[in-house]
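Each ligand, and each atom within it, is numbered from 1 in the order the structure gives. Just so we're clear, the structure is a prediction, and the values are computed from it rather than from any experiment.
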Amino acid sequence: MPSPSLSEIAGVLAASRRILMFTHVSPDGDAIGSLLGLGWLLREQGKDVTMVDADPVPPELLFLPGVERIANQPPEGPWDVIVALDASDIPRLGSPFQPARLNGAPLITIDHHVTNLRFGAYNWVDPSAAATAQIIVHLADAWGIPITKPAAICLLAGLVTDTRGFRTSNVTIDVLATAMRLMESGADLAEISERTLNYKPLAAIRLWGPALEQLQVRGPVIWTHVTRAMREQVQAPDGSDSGLVSFLLEAPEASIAAVFTEKPNGRVEVSLRARPGLNIADVALALGGGGHPQAAGCSVDGPLAEAEVRIIPLLLAVLEPEGRS
Ligand code: 5GP
Ligand code: MN
């Protein structure tokens, strides 16, 4: 189906009463910020909104207004419309997303991942947006509705976290103008940055010790892994830590960084980062995941060592495209 306009999507939402919203598993600031931000906007329009995420909200996001309303399973329907946020494919929505239980309600996907598989009835995918939260602001404008303070706080948290404090290569004048508007609506940039970016549980800091001891470098690719045993050693709970992979890419010798994390179910979560001008989204997509040119990820079969042996050459090939043919 042809891409709808944002006004058409606003029209579908305006005509709906019971709205069920999902975001991605292992939620980050943009996932939770977009979910809560759109949740506020819809409730302010008189909608009956249910927000679902399969996994717990990370502790640094628990200050966001409305966070206590997020359920980990949807209640019984029926629903007029379903919304999927910041997720590029159906598995990314986790086990609570059961199409068979949605009574045929149309699905709207709103996302900024270039790898989005356009799995909804209405898909608004804008890879030029720095965060899904930025698209929610565009949606409010297309609808002609105001952005209130609680919505602005949640949406600015999405923008701040996905851009790591407005430092990523997709930060444009429009991104900064959006941030300014959210500040004008009452969101405190310094407080949101402090609470989200300057936060790491002690156990997660301790985990960097054993993880950095396993550091490997081959050409311009730098990587390490996090085993379940390392986690047990420092009593770190299961979860991803995108800070570690970004930290590895600070090495001037490196152009691509990867962290391989062993999950409790034996699968391996792969976090990828690349310098501007490179593109690791295609590698992630080919491995069943997705993401952005400079930040992508996927989940692959274990064991850990085999995943590394399989994936590192794919990353080296990104840097030597002529060697691939
Ligand atoms: P991170 O390394 O911070 O977990 O993820 C980086 C980017 O890759 C994010 O935009 C995230 O949405 C995407 N990503 C990470 N893992 C997966 C995955 O398993 N599937 C998909 N579709 N995207 C992923
Ligand atoms: Mn995002």
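One of the N, O or S atoms belonging to H112 lies under 2.8 Å away from the Mn ion (ligand 2). Residue side and main chain included, D86 places an N/O/S atom under 2.8 Å of the Mn ion (ligand 2). Among the backbone and side-chain atoms of D30, an N/O/S atom is found under 2.8 Å from the Mn ion (ligand 2).
Salt bridge status for R92 with D111: absent, with no side-chain N to carboxylate O gap under 4.0 Å. Under 4.0 Å is where a charged nitrogen must lie from a carboxylate oxygen, and between K200 and E60 no such pair does. Using a 4.0 Å cut-off between a side-chain N of Lys or Arg and a carboxylate O of Asp or Glu, D48 and R18 qualify as a salt bridge. Here R310 does not pair with E306 in a salt bridge; the nearest charged N to carboxylate O distance is not below 4.0 Å.
Nearest N/O/S atom of D162 with respect to the Mn ion (ligand 2) is recorded as OD2.
By the criterion of side-chain heavy atoms lying less than 4.5 angstrom apart, applied directly or through intervening Ile, Leu, Val, Met, Phe, Trp or Tyr residues, I82 is not grouped with L42; the two fall into different hydrophobic clusters.
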**Asked** Given I280 and L315, is the side chain to side chain contact (heavy atoms under 4.5 Å, CB included) satisfied, shown in steps?
**Response** CA-CA 8 Å; I280 32 89; L315 301 178; 4.0 Å; yes
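The closest protein non-hydrogen atom to atom 11 (C) of ligand 1 is R92 NH2, 3.4 Å. Closest protein heavy atom to atom 7 (C) of ligand 1: A295 O, 3.4 Å. Nearest to atom 13 (C) of ligand 1 among the protein's heavy atoms is G290 O, 3.5 Å. Here the heavy atom of the protein found nearest to atom 15 (C) of ligand 1 is G297 CA, 3.4 Å. Distance from atom 19 (O) of ligand 1 to its nearest protein heavy atom, with residue and atom name: C298 CA, 3.5 Å.
Taking every heavy atom of S242 and a limit of under 4.0 angstrom, the matching atoms of ligand 1 come to 3 (O). Annotation for ligand 1: atoms under 4.0 Å from non-hydrogen atoms of S271 are 1 (P), 2 (O), 4 (O). Every atom of ligand 1 is numbered from 1 in the order shown, and the set under 4.0 Å from a heavy atom of S299 is 19 (O). For ligand 1, the atoms sitting less than 4.0 Å from at least one non-hydrogen atom of H292 are 10 (O), numbered in the order shown with element in parentheses. The distance from ligand 1 to the heavy atoms of R273 drops below 4.0 Å at these ligand atoms: 1 (P), 2 (O), 3 (O), 6 (C). For ligand 1, the atoms lying closer than 4.0 Å to a non-hydrogen atom of G291 are 8 (O), 13 (C).
Using modelled atom types and a 3.5 Å distance limit, the side chains of E308 and H225 yield a donor-acceptor pair.
Side-chain N or O atoms of D30 include one that pairs as donor or acceptor with a backbone N or O of A133 at under 3.5 Å. Of the possible polar contacts, none joining the N72 side chain to the D55 backbone as a donor-acceptor pair under 3.5 Å is found.
By the 4.5 Å heavy-atom criterion applied to side chains, I70 and L36 are counted as neighbours.
Contact annotation: for H113 versus ligand 1, heavy atoms closer than 4.0 Å belong to the side chain alone.
Within the 4.0 Å heavy-atom cutoff, V245 does not count among the residues contacting ligand 1.
At least one N or O atom of S88 sits closer than 3.5 Å to an N or O atom of ligand 1.
When every heavy atom of P65 is checked against every heavy atom of P150, the shortest pair comes out as CG-O, 3.8 Å.
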